[in-house]
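For reference, the structure is listed below as structure tokens.
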Amino acid sequence: MEHDLVRIGNGFDAHRITGGRSLVLGGVTIDFDGKGLLGHSDADVLVHAICDALLGAAALGDIGKHFPDTDPQYRGISSVILLHKTARLLADADYRVVNVDATIIAEAPRIAPHIGMMRKNLADAMGTDIANVSVKATTTEKLGFTGRGEGMAAWAVALIGKK
């Protein structure tokens with residue numbers, strides 16, 4: 001059917017900042033003074049938002065449905081592995097990634113130096129060209145939980161198409 005040729009989805013995720021964890025964003029470990037994000041997996045907010053955008057575009061549910069935090073097999077898992085599994089779910093439903101655009105929301109640390117590697121990791125996991133993956137970062141000018149340094153968040157939008 002024509003309406004299934006392309007589909008769009010959006011995703012959002014947020015995690016609390018905590019001590020004693022590594023900060024992982026887009027599959028890149030970033031030095032953040034011994035702080036990272038609290039979560040069952042590696043708590044990669046960027047990848048989680050992208051997974052939800054892709055799953056939403058294909059009407060396949062959300063990340064919690066496919067990779068529940070109650071399942072011990074996902075404890076500490078790299079979210080990039082979950083993104084690869086998400087891409088397989090899309091492929092099994094006859095979809096391919098057309099493009100993904102995502103924004104990380106955090107006051108610190110500086111994200112810009114890591115964006116190139118994030119884009120590569122994400123593209124590889126989704127089986128798409130790096131030109132189809134955009135990652136940006138912004139602050140909230142010290143407003144809200146991200147502005148106070150209590151957590152980080154990410155928004156993502158994904159366009160998928162029939163294979």
Side-chain angles (χ1 to χ4, degrees), residues 1-18 21-30 36-106 111 114-115 118-130 132-138 140 144-146 150-163:
M1 300 173 95
E2 271 188 44
H3 68 278
D4 284 334
L5 293 179
V6 292
R7 298 173 64 128
I8 192 166
N10 71 77
F12 174 80
D13 194 38
H15 285 272
R16 180 179 302 278
I17 293 173
T18 188
R21 291 207 30 141
S22 295
L23 175 62
V24 180
L25 295 170
V28 176
T29 302
I30 300 170
L37 298 174
L38 184 62
H40 184 71
S41 66
D42 63 5
D44 188 329
V45 292
L46 175 61
V47 173
H48 293 182
I50 292 170
C51 286
D52 270 347
L54 292 168
L55 291 166
L60 293 174
D62 63 18
I63 193 170
K65 173 184 174 183
H66 295 278
F67 316 111
D69 63 5
T70 55
D71 190 331
Q73 73 176 312
Y74 302 120
R75 176 167 296 287
I77 194 170
S78 166
S79 295
V80 172
I81 293 171
L82 302 181
L83 180 57
H84 179 74
K85 291 177 180 284
T86 298
R88 286 294 329 138
L89 290 169
L90 261 64
D92 291 347
D94 260 353
Y95 289 106
R96 64 180 174 77
V97 174
V98 174
N99 79 301
V100 169
D101 180 32
T103 304
I104 300 164
I105 306 154
I111 303 298
H114 308 285
I115 286 177
M118 289 179 192
R119 290 179 64 219
K120 181 185 180 329
N121 291 344
L122 298 168
D124 289 350
M126 292 183 288
T128 192
D129 191 276
I130 195 169
N132 299 330
V133 180
S134 172
V135 174
K136 306 173 300 298
T138 193
T140 56
F145 74 93
T146 59
E150 297 169 6
M152 294 182 187
W155 286 99
V157 63
L159 184 67
I160 63 172
K162 279 295 188 182
K163 286 197 223 177

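These numbers come from the heavy atoms of this one structure, side chains and all, not from hydrogens, waters or symmetry mates. As the structure is a prediction and not an experimental result, all values here were calculated from the model.
Y95 OH to L60 CG: the interatomic distance, rounded to the nearest 0.5 Å, is 8.0 Å. Taken from CG in D124 to CG in L83, the straight-line distance is 10.5 Å, to the nearest 0.5 Å. If you take CE on M126 and CG on N121, they are separated by 10.5 Å, rounding to the nearest 0.5 Å. Rounded to the nearest 0.5 Å, atoms CG (L38) and CD1 (I17) are 11.0 Å apart. Note that OG1 of T140 and CD1 of I105 are 8.0 Å apart. Values are rounded to the nearest 0.5 Å. Between atom CD of residue E150 and atom CZ of residue R16 there is a gap of 7.0 Å, rounded to the nearest 0.5 Å.
The minimum heavy-atom distance linking V47 with S79 is given by the pair CG1-O, 3.1 Å. Taking each heavy atom of I130 and R119 in turn, the nearest pair found is O-NH2, 2.8 Å. The two residues M118 and V135 have their closest heavy-atom pair at SD-CG1, 4.1 Å. Nearest approach of F145 to A14, heavy atoms of both residues: CZ-CB, 3.8 Å. Of all heavy-atom pairs between I115 and A137, the closest is CD1-N, 4.5 Å. Contact record, R21 with G39: NH1-O, 3.1 Å, taken as the closest heavy-atom pair.
Counted by atom type alone, D69 and H40 present zero donor-acceptor pairs between their side chains at under 3.5 Å.
A heavy-atom distance below 4.5 Å is found between the side chains of L122 and L46. The closest side-chain heavy-atom distance from C51 to H66 is not below 4.5 Å.
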Would you mind writing out the side-chain donor-acceptor pairs for residues 22-30 within the sub-3.5 Å range, not counting sequence neighbours?
none

Less than 3.5 Å apart, which donor and acceptor atoms pair up between the side chains of residues 96-103 and the rest of the protein, not counting sequence neighbours?
| residue | atom | partner | partner atom | Å |
| --- | --- | --- | --- | --- |
| D101 | OD1 | S134 | OG | 3.0 |
| D101 | OD1 | K136 | NZ | 2.5 |
| D101 | OD2 | K136 | NZ | 3.1 |
| T103 | OG1 | K136 | NZ | 3.2 |

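Ring geometry, F12 versus W155: the interplanar angle falls from 30° to 60°, so the pair is classed tilted.
When atom types are taken as modelled, the side chain of D62 and the backbone of D52 share no donor-acceptor pair closer than 3.5 angstrom. Using modelled atom types, one side-chain atom of R7 and one backbone atom of A57 make a donor-acceptor pair closer than 3.5 Å.
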